[in-house]
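The structure under discussion appears below in the form of structure tokens.
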Protein chains: 2
Amino acid sequence: MTVIFSKKCEYGLQAVLYLAAKENGDVIPVDEIANKLSIPKEFVSKILQSLTESGIVYSKKGKSGGFALAKAPQKIRLIDIVAAIDGLGMFNSCVLGFPKCSHENPCPLHEKWGTLRSNAYDMLTDETLDQLKAKTLRKIQNL
Amino acid sequence: MTVIFSKKCEYGLQAVLYLAAKENGDVIPVDEIANKLSIPKEFVSKILQSLTESGIVYSKKGKSGGFALAKAPQKIRLIDIVAAIDGLGMFNSCVLGFPKCSHENPCPLHEKWGTLRSNAYDMLTDETLDQLKAKTLRKIQNL
DNA sequence: TTATAATCAGATTATTTTATCTGATTAAAT
DNA sequence: ATTTAATCAGATAAAATAATCTGATTATAA
């Protein structure tokens, strides 16, 4: 199976996009997120906990607690979430798995893949949560 | 961990590129491939066996046996190897893991990711083993 | 024809990733 | 104060992926 993001990262991105879409100051319980997005509750809970440590989301404990964004959606880029969960390894390791792949000692796909990868990186760096709010809202409606 | 190709697929691509680079009619034993590429012998052996079933490589049993390409390197595209090992799932499933992601019901990244993904697909479809021979030879020297 | 060197096939193990469970802690509301 | 509804923390289980082991089969070459 070929994969881009791990399940953990997919879920994390979905959950944070969800928080951004419903952004209005107050926190959202994990139950709602898990139900709406059909993600195992304990799993997405763990992911949001770790994103709390990364400073991307804020958590409020106790009754009527839940999660919210830790900062303005304009300041959260998709790459931040990916970096926090999966790391940025895919953006600087060899697509063919060759060791010591570099400009000096390139693999057969080094240049061509490098271009594609850098486009992907740029996209994830350009996109912030606020820019995706409308599209996320529409998607959430149709789940 | 974010991943593009599975380890199986990386190894498979490496091994087939190796066969193409050393192409001269006769078969190459798995031992040589595994040693040169630092891949566990039994593992790459299994992978090459499955690529034999897919019609991409040819295997010769018994003493002085080994593996070779099953057809001309001009006729083997990288996408064929990826399709045989990992499948083409990543090229038609949602990058964010949303269900029923489609043009009618797109995820927030549907268009932008679609473009990147389609570029990657085109690249893997354009590149054939013969085109990569020189670069592969150079890489193999420096392992 | 026998020894040898290779693939083949299937089972097993190890590791990583994904998912679940249990109980503790926290804080709001009654 | 007590109940309640939530996160938090750590252990455990399940599933998928990666790697290894064992022995059988095959075919070359002495």
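Residue numbers begin at 1 in each chain, while the letters A, B, ... track the order of the sequences.
Nearest heavy atoms, B:L17 versus A:P108: CD1-CG, 4.2 Å. In terms of heavy atoms, B:L96 sits closest to B:C107 at CD1-SG, 4.1 Å. What you find for A:A34 and A:K41 is that their closest heavy atoms are CB-CA, 3.7 Å. Nearest heavy-atom pair across A:H103 and A:P106 is O-CD, 3.6 Å. What you find for A:A20 and A:L129 is that their closest heavy atoms are CB-CB, 3.8 Å.
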Tabulate below the donor-acceptor pairs under 3.5 Å that side-chain atoms of residues 43-57 of chain B make, not counting sequence neighbours, or state none.
from: B:S45; atom 1: OG; to: B:Q49; atom 2: NE2; distance (Å): 3.4
from: B:S50; atom 1: OG; to: B:I47; atom 2: O; distance (Å): 3.0
from: B:T52; atom 1: OG1; to: B:L48; atom 2: O; distance (Å): 2.8
from: B:S54; atom 1: OG; to: B:S50; atom 2: O; distance (Å): 3.1

Quick one: side chains of residues 74-89 of chain B, donor-acceptor pairs under 3.5 Å with protein atoms, not counting sequence neighbours, listed by atom name and distance.
from: B:R77; atom 1: NE; to: B:D80; atom 2: OD1; distance (Å): 3.3
from: B:R77; atom 1: NE; to: B:D80; atom 2: OD2; distance (Å): 3.3
from: B:R77; atom 1: NH2; to: B:D80; atom 2: OD1; distance (Å): 2.8
from: B:D80; atom 1: OD2; to: B:R77; atom 2: N; distance (Å): 2.9
from: B:D86; atom 1: OD1; to: A:M1; atom 2: N; distance (Å): 3.2
from: B:D86; atom 1: OD1; to: B:S6; atom 2: OG; distance (Å): 2.6
from: B:D86; atom 1: OD2; to: A:T2; atom 2: OG1; distance (Å): 2.8
from: B:D86; atom 1: OD2; to: B:S6; atom 2: N; distance (Å): 3.0
from: B:D86; atom 1: OD2; to: B:S6; atom 2: OG; distance (Å): 3.3

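Distance B:E53 CD to C:dT7 P: 15 Å, rounded to the nearest Å. Atom CZ of B:F43 is separated from atom P of C:dC8 by 16 Å (rounded to the nearest Å). Rounding to whole angstrom units, CD of residue A:Q49 and C1' of C:dT25 are separated by 12 Å. Note: CG (A:L48) to P (D:dA6) measures 15 Å, nearest angstrom. B:K41 places its NZ atom 14 Å from the P atom of D:dT22, with the value rounded to the nearest Å. To the nearest angstrom, C1' of C:dA9 lies 16 Å from CD1 of B:I47. Atom pair B:F67:CZ and D:dA27:P shows a separation of 14 Å (rounding to whole Å applied).
Rounded to the nearest 0.5 Å, atoms CG (B:L19) and CD (B:E32) are 9.0 Å apart. A distance of 9.5 Å separates NZ in B:K22 from CD1 in B:I33, rounded to the nearest 0.5 Å. To the nearest 0.5 angstrom, A:L109 atom CG is 6.0 Å from B:E127 atom CD.
Exactly one of A:K8, A:Q14, A:K7 qualifies for a side chain to side chain donor-acceptor pair (under 3.5 Å) with A:E10. That residue is A:K7.
Contacts with DNA chain D (heavy atom under 4.0 Å) in residues 92-100 of chain B: none are found. Using a 4.0 Å cutoff on non-hydrogen atoms, the parts of residues 4-13 of chain B near DNA chain D are B:S6, B:K7, B:K8, B:Y11, ordered by number. Near DNA chain C, defined here as any heavy-atom distance below 4.0 Å, the residues from residues 27-38 of chain B are B:P29, B:V30, listed numerically. Near-neighbour residues of DNA chain C inside residues 78-90 of chain B, defined by a heavy atom below 4.0 Å, are absent.
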Give every pair of a protein N or O atom and an N or O atom of nucleotides 26-30 of chain C that lie under 3.5 Å apart, one pair per line with the distance.
from: C:dT26; atom 1: O2; to: A:G62; atom 2: N; distance (Å): 3.3

Please list each protein N or O that sits under 3.5 Å from an N or O in nucleotides 10-15 of chain C, with the distance.
from: C:dG10; atom 1: N7; to: B:K46; atom 2: NZ; distance (Å): 3.4
from: C:dG10; atom 1: O6; to: B:K46; atom 2: NZ; distance (Å): 3.0

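Taking the six-membered ring where tryptophan is involved, the planes of B:F5 and A:W113 are tilted, since the angle between them lies from 30° to 60°.
A:Q131 places a side-chain N or O within 3.5 Å of a backbone atom of A:T128 that can act as its donor or acceptor partner. Judged by distance alone, the side chain of A:N105 and the main-chain N or O of A:C101 form no donor-acceptor pair under 3.5 Å.
Checked against side-chain contact (heavy atoms from CB on, under 4.5 Å), B:K63 has no partners two or more places apart in sequence or in another chain. Considering only residues two or more places apart in sequence or on other chains, A:Y11 meets the side-chain hydrogen bond (donor to acceptor under 3.5 Å, both in side chains) condition with none of them.
Taking a 4.5 Å side-chain heavy-atom cut-off between Ile, Leu, Val, Met, Phe, Trp and Tyr, the cluster of B:Y58 extends to B:V27.
Residue pairs meeting the salt bridge (charged side-chain N to carboxylate O under 4.0 Å, His left out) criterion with at least one member in residues 133-143 of chain B, sequence neighbours excluded, do not occur.
Out of C:dA9, D:dA9, D:dT20, the shortest distance to the side chain of B:E42 is found at D:dT20.
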